[in-house]
Number of protein chains: 2
Amino acid sequence: MSIKTVSNVVNDHPHVRPAMRERVRAVIDELDYRPNGIGRQLRQGRTGLIALAVPNVTSPYYGELTSTLVTAARARGLTLLVEQTDGEPDREREVAAGFPVRLVDGLVFVPLSMPVAELAQRRDSTPAVLIGEHGEGAGIDRVTIDSVDIGELGTRHLLQIGRRRIAFLGDKQSLRSPVVAERIAGYERALRAHGVPVDPRLSWVTPEWERRHGYDGTLTLMAAHPDVDAVFAANDLLAYGALHALRELGRRVPDDVAVVGVDDVEQSRYTAPTLTSIALDRGVMADLALGLLVDRLAGVEGPPRLLTATHHLEVRESTSGVPVGAVPAGARAAAGA
Amino acid sequence: MSIKTVSNVVNDHPHVRPAMRERVRAVIDELDYRPNGIGRQLRQGRTGLIALAVPNVTSPYYGELTSTLVTAARARGLTLLVEQTDGEPDREREVAAGFPVRLVDGLVFVPLSMPVAELAQRRDSTPAVLIGEHGEGAGIDRVTIDSVDIGELGTRHLLQIGRRRIAFLGDKQSLRSPVVAERIAGYERALRAHGVPVDPRLSWVTPEWERRHGYDGTLTLMAAHPDVDAVFAANDLLAYGALHALRELGRRVPDDVAVVGVDDVEQSRYTAPTLTSIALDRGVMADLALGLLVDRLAGVEGPPRLLTATHHLEVRESTSGVPVGAVPAGARAAAGA
DNA sequence: AGGCTGCCTTCCAACGTTGCAAAGTCAGCG
DNA sequence: CGCTGACTTTGCAACGTTGGAAGGCAGCCT
């Protein structure tokens with residue numbers, strides 16, 4: 001039989017006589033033959049591969065995002081290939097410039113630090129989607145979240161439980177990325193709306209948003225401003241570091257200092273005390289992003305599109321003091337010792 | 001100029017006159033040309049792609065492993081492609097059988113549940129490396145850890161701080177995988193060595209090894225056996241659940257119940273109390289695994305090889321009661337309330 | 001000046017697949 | 001019995017690259 005007939009069988013072409021179809025299938029099983037993806041792709045010009053470029057896979061937030069994307073991609077017959085940028089501008093530039101060897105059909109990119117102007121001048125013709133606040137005006141499809149509202153929501157919650165000296169943990173010294181700028185804008189807006197003076201010294205700079213930076217940052221913050229009665233951390237990891245530092249300093253949470261995070265990753269339901277956080281819908285974000293990308297792969301033209309995923313506040317012990325479980329308060333107090 | 005000359009320039013072949021080389025480079029820049037990976041790969045028969053199949057990317061342990069592998073692969077000029085099995089036998093079978101379309105050069109696989117006999121009968125000719133305890137006798141290169149010793153080490157530590165009613169959290173009901181079997185073997189060996197009777201009722205079954213299973217498991221465990229004075233969790237996530245449950249129950253850690261985990265992921269330095277855990281060297285494991293795989297890709301023949309990565313105990317507050325930071329004990333006591 | 005040598009460039013073929021078109025087969029019908 | 005038409009199979013070409021071999025050119029030696 002001819003090679004082409006095999007191809008017809010493998011691709012379920014019509015006009016193949018059942019007898020022949022059976023014969024070919026038998027031989028395929030016999031030889032354990034698999035079509036060579038490379039040849040197929042060369043012919044079709046597509047690989048079915050999508051690259052995902054995130055700062056890292058280790059942070060719970062990006063890990064959960066990656067996990068969702070892997071699953072969502074598979075559901076659409078695509079395979080995900082992972083790159084890590086560590087949020088460094090040069091690594092992000094490499095991703096934006098495209099891989100030196102053309103291999104993927106599309107790119108899902110979470111940029112953090114590279115200048116948006118450079119993103120906009122990207123010459124690589126591979127379709128891309130951005131996820132996150134970074135990329136306003138880059139002319140690329142994007143799925144984002146409303147970080148101004150996130151900053152406002154978290155701060156308002158702290159104001160409502162009576163806090164007045166609220167620190168924002170996770171500012172950036174140089175290069176204030178949109179993420180930070182927006183969250184701080186929301187934070188300040190909420191303060192003003194409540195008639196609480198904005199003290200710029202309480203926008204506390206951390207080099208990155210990892211646990212240890214939250215820990216170090218909170219130690220120095222509390223030393224400099226002992227009157228701080230709430231910490232609004234830019235993400236959950238910083239908040240974990242803050243909780244650890246506060247415990248070490250003997251400050252009770254939330255009694256002395258309340259803490260709010262952003263991302264609401266799984267771990268936040270298990271810290272002691274459990275962490276109040278603003279939940280972002282990662283599943284929806286991944287799905288939306290992949291949908292935008294698949295459109296472009298299918299040849300959909302048009303101006304860059306922008307979608308915004310929703311978020312909501314999950315109140316837990318670090319601001320309410322109320323334990324999650326159905327256990328008497330007395331028992332809880334004893335537990336903490 | 002001819003296509004082949006361009007190829008020669010791109011591949012740094014000798015015998016290209018500098019003038020011509022320059023001319024070609026200029027045009028490449030001009031057109032922003034990139035070699036099409038597919039054509040190249042078709043010619044060379046290799047894709048430079050490595051598949052990684054893990055249960056998920058969300059668990060800190062696998063997340064950190066994935067992250068390390070991505071970096072290690074990149075350092076060797078390979079790109080990592082991620083699949084998730086959720087630890088389900090059928091999904092693992094698919095991975096073992098090979099992707100329907102031949103596309104990757106090699107496979108790094110962390111199986112958890114599929115029968116080893118089936119792994120051994122794998123017909124796919126793509127080189128593979130296994131990571132973990134699962135796969136003994138499959139005839140495939142593997143990087144593992146000594147889980148018997150891990151079980152023994154953790155248990156001995158608990159015995160040495162005076163605990164006698166030590167529960168093992170994370171047994172599996174049916175299908176006791178090698179991971180569990182080995183850790184429990186070590187646990188029982190340590191108990192016997194100390195003359196402490198082995199109580200099989202304290203090998204507590206959990207459906208999976210996620211935080212919530214540790215939480216649920218610990219609640220039921222402590223209800224059934226209130227005299228338990230230590231919990232040896234099969235991994236850190238289970239331990240976080242255990243810490244949460246114990247806090248809710250008003251049991252002090254480590255005073256009433258000491259807790260030990262396995263994996264020593266980043267978060268364990270930040271829980272309250274910080275978690276004693278057995279650290280596995282993920283970086284080394286990833287490197288070893290990739291080394292084995294690259295050998296096979298280079299055509300190295302020979303019997304299956306087995307490497308064992310090291311581990312060590314990180315003692316923290318959940319067994320020692322001693323805080324990590326340089327803060328007076330009095331401050332710490334107040335902090336916990 | 002002719003031939004030779006050595007370097008540079010070009011040509012050809014092949015990797016494995018699939019779209020298209022041509023060739024082949026067969027049954028039914030006039 | 002041959003023709004028509006529908007259905008089935010096969011052949012060819014092309015996707016973009018690179019190894020190997022052949023071709024071209026210039027300079028040098030005699």
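Computed from a predicted structure; not experimentally measured. Naming convention: chains lettered A, B, ... in sequence-line order (proteins, then strands); numbering from 1 in each chain. Heavy atoms only: backbone and side chains are in, while hydrogens, waters and symmetry mates are out.
- For L42(B) and H15(B), each mapped to the nucleotide of DNA chain C holding its nearest heavy atom, the one lying further toward the 5' end belongs to H15(B).
- Residue P14(A) is classed as having no contact, given no heavy-atom separation below 4.0 Å to the nucleic acid.
- Between R91(A) and E83(A) no salt bridge is recorded (no basic side-chain N to carboxylate O distance below 4.0 Å).
- In summary, R282(B) and D263(B) do not engage in a salt bridge, as defined by a charged side-chain N under 4.0 Å from a carboxylate O.
- Not one side-chain nitrogen or oxygen of N8(B) sits closer than 4.0 Å to the OP1 or OP2 atom of dT18(D).
- Taking each heavy atom of E133(A) and R142(A) in turn, the nearest pair found is O-NH1, 3.2 Å.
- Protein atom CE of M20(A) is 13 Å distant from nucleotide atom C1' of dC7(D), rounded to whole Å.
- Of the candidates L306(B), D141(B), L119(B), L130(B) forms a side chain to side chain contact (heavy atoms under 4.5 Å, CB included) with just one, namely L119(B).
- With hydrogens and angles ignored, no donor-acceptor pair under 3.5 angstrom links the side chain of K4(B) to the base of dG16(D).
- No donor-acceptor contact under 3.5 Å links the side chain of R40(A) to the base of dT17(C).
- Each of G39(B) and R17(B) was matched to the nucleotide of DNA chain D holding its nearest heavy atom; the match closer to the 5' end belongs to G39(B).
- You'll find that the side chain of R43(B) is closest to dA14(C), out of dT10(C), dA13(D), dA14(C).
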